[in-house]
Amino acid sequence: MAAEEGSSGGRKVLIAMDGSEHSFYAFDWYMANMHRDGVEVLIAHCPDYSSLLHAPVMSSDPAMISRMIHQEEEEVNSIVSKIKDKLTQHGVKGKLLRLSGEAGHSIVKTAEMEGVSCIVTGTRGQGKVRRTLLGSVSDYILNHAHVPVLICRHKEVAGSSDSQ
């Protein structure tokens, strides 16, 4: 079917994945419902090192700080490995982009630089008060992206966070 070759027009989609079950749900939903052959899949992973900044013990012990950084890196590597497994499971040659900085801003900036036609992200389903006070990566992306954004809410947990 030569007429269908390249019918995606070199399209790219960026899927934001933080390693949560919500991001994996969004990835699976996209693959099952929207993905087409020829569309380049970019996975954006922006590690969250905030736990290092909020450590209960402020220490000048270099060994302790090194251990904490090593533990965070192990967690990030585990998430990256799971993302790669997902790509393999779906038979997709995706490009994994490891971003830095504030997640929402980094994802939107990367989407612009890569020329994607859509951004896919999950949502943790935070309650209105929590989302207002803490902010939400998916809200940021939705309000700042220059391309369509698909926000996938995980069915089993929809609304469950509002009561927390």
Side-chain angles (χ1 to χ4, degrees), residues 8-55 64-127 130-154 157-158 161:
S8 68
R11 289 189 182 182
K12 297 180 189 180
V13 63
L14 183 126
I15 304 174
M17 297 187 72
D18 63 2
S20 69
E21 69 178 86
H22 306 282
S23 67
F24 284 109
Y25 175 81
F27 177 88
D28 288 337
W29 193 94
Y30 167 80
M31 293 306 299
N33 296 287
M34 294 187 67
H35 184 70
R36 301 291 179 257
D37 288 340
V39 174
E40 185 178 356
V41 176
L42 306 176
I43 304 295
H45 177 66
C46 191
D48 178 12
Y49 293 106
S50 63
S51 63
L52 292 176
L53 300 174
H54 303 296
M64 177 183 272
I65 293 169
S66 178
R67 279 192 305 274
M68 291 172 64
I69 291 171
H70 181 73
Q71 286 174 331
E72 282 296 319
E73 278 300 313
E74 283 182 348
E75 179 65 25
V76 168
N77 290 337
S78 173
I79 291 168
V80 167
S81 177
K82 289 176 186 174
I83 292 169
K84 287 179 179 178
D85 288 347
K86 277 288 186 188
L87 289 167
T88 302
Q89 178 184 9
H90 286 279
V92 174
K93 279 187 165 180
K95 183 175 164 186
L96 181 60
L97 307 171
R98 188 163 166 186
L99 311 180
S100 61
E102 193 172 326
H105 176 75
S106 296
I107 291 165
V108 169
K109 182 178 177 183
T110 300
E112 285 184 57
M113 288 175 26
E114 292 287 339
V116 303
S117 56
C118 179
I119 300 173
V120 177
T121 185
T123 181
R124 293 179 184 233
Q126 294 177 349
R130 240 180 137 168
R131 191 172 56 245
T132 301
L133 293 175
L134 300 176
S136 160
V137 173
S138 57
D139 279 350
Y140 184 93
I141 294 169
L142 181 63
N143 289 301
H144 293 88
H146 294 81
V147 294
V149 177
L150 172 65
I151 300 176
C152 295
R153 180 175 297 276
H154 196 300
V157 295
S161 298

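All residue numbers refer to positions in the sequence shown, counting from 1.
Residues L97 and L99 are in side-chain contact: their nearest non-hydrogen atoms beyond the backbone lie under 4.5 Å apart. Between I119 and V147 the shortest side-chain heavy-atom distance falls below 4.5 Å. Annotation: side chain of P47 is in contact with side chain of R98 (closest heavy-atom distance under 4.5 Å). Residues Y25 and C152 have side chains in contact (heavy-atom distance under 4.5 Å, counting atoms from C-beta outward). Counting heavy atoms from C-beta on, the side chains of K12 and V39 never come closer than 4.5 Å. Under the 4.5 Å side-chain criterion, counting only non-hydrogen atoms from C-beta, I15 is not in contact with L42.
Listed by chain and number, the residues in a side-chain hydrogen bond (donor to acceptor under 3.5 Å, both in side chains) with H45 amount to none (sequence neighbours excluded). With sequence neighbours left out, the side-chain contact (heavy atoms from CB on, under 4.5 Å) criterion links S20 to D18, H22, S23, R124. T88 is linked by a side-chain hydrogen bond (donor to acceptor under 3.5 Å, both in side chains) to nothing, counting only residues two or more places apart in sequence or in another chain. Scanning for side-chain contact (heavy atoms from CB on, under 4.5 Å) contacts around F24 gives M17, K82, I83, K86, with sequence neighbours left out. For V92, the side-chain contact (heavy atoms from CB on, under 4.5 Å) partners at least two apart in sequence or on another chain are M31, H35, V41, L87, H90. Scored by the side-chain hydrogen bond (donor to acceptor under 3.5 Å, both in side chains) test, E112 finds H146 as partners (sequence neighbours excluded). Residues meeting the side-chain contact (heavy atoms from CB on, under 4.5 Å) test with S138, sequence neighbours left out: T121, T123, S136, I151.
To the nearest 0.5 angstrom, I69 atom CD1 is 11.5 Å from R67 atom CZ. Atoms CE and NE2, from M68 and H70 in turn, are 13.5 Å apart once rounded to the nearest 0.5 Å. Taken from NZ in K109 to CD1 in I107, the straight-line distance is 13.5 Å, to the nearest 0.5 Å.
Minimum heavy-atom separation, C46 to G101: SG-O, 3.3 Å. L14 and A44 get closest at one heavy-atom pair: CD2-CB, 3.9 Å. Summarising the geometry of P148 relative to S117, their closest heavy-atom pair is CD-O, 3.4 Å, with the distance given to 0.1 Å.
Within 6.0 Å of CD on E102 lie no more than 12 heavy atoms contributed by other residues, nucleotides or ligands.
Side-chain atoms of H144 come within 3.5 Å of backbone atoms of Y140 as a donor-acceptor pair (strictly under, hydrogens ignored). Between the side chain of S78 and the main chain of E74, no donor-acceptor pair closer than 3.5 Å is present.
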> After noting the C-alpha distance and the side-chain angles of V13 and E40, does the key distance pass the side-chain contact (heavy atoms from CB on, under 4.5 Å) rule?
Replying inline: CA-CA 6 Å; V13 63; E40 185 178 356; over 6 Å; no
> What's the verdict on side-chain contact (heavy atoms from CB on, under 4.5 Å) for L150 and W29, showing C-alpha distance, side-chain angles and the deciding distance?
Replying inline: CA-CA 10 Å; L150 172 65; W29 193 94; 3.5 Å; yes
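Legend: ring pair (Phe, Tyr, Trp, His ring centres under 6.0 Å) pairs involving residues 100-122, not counting sequence neighbours: none detected.
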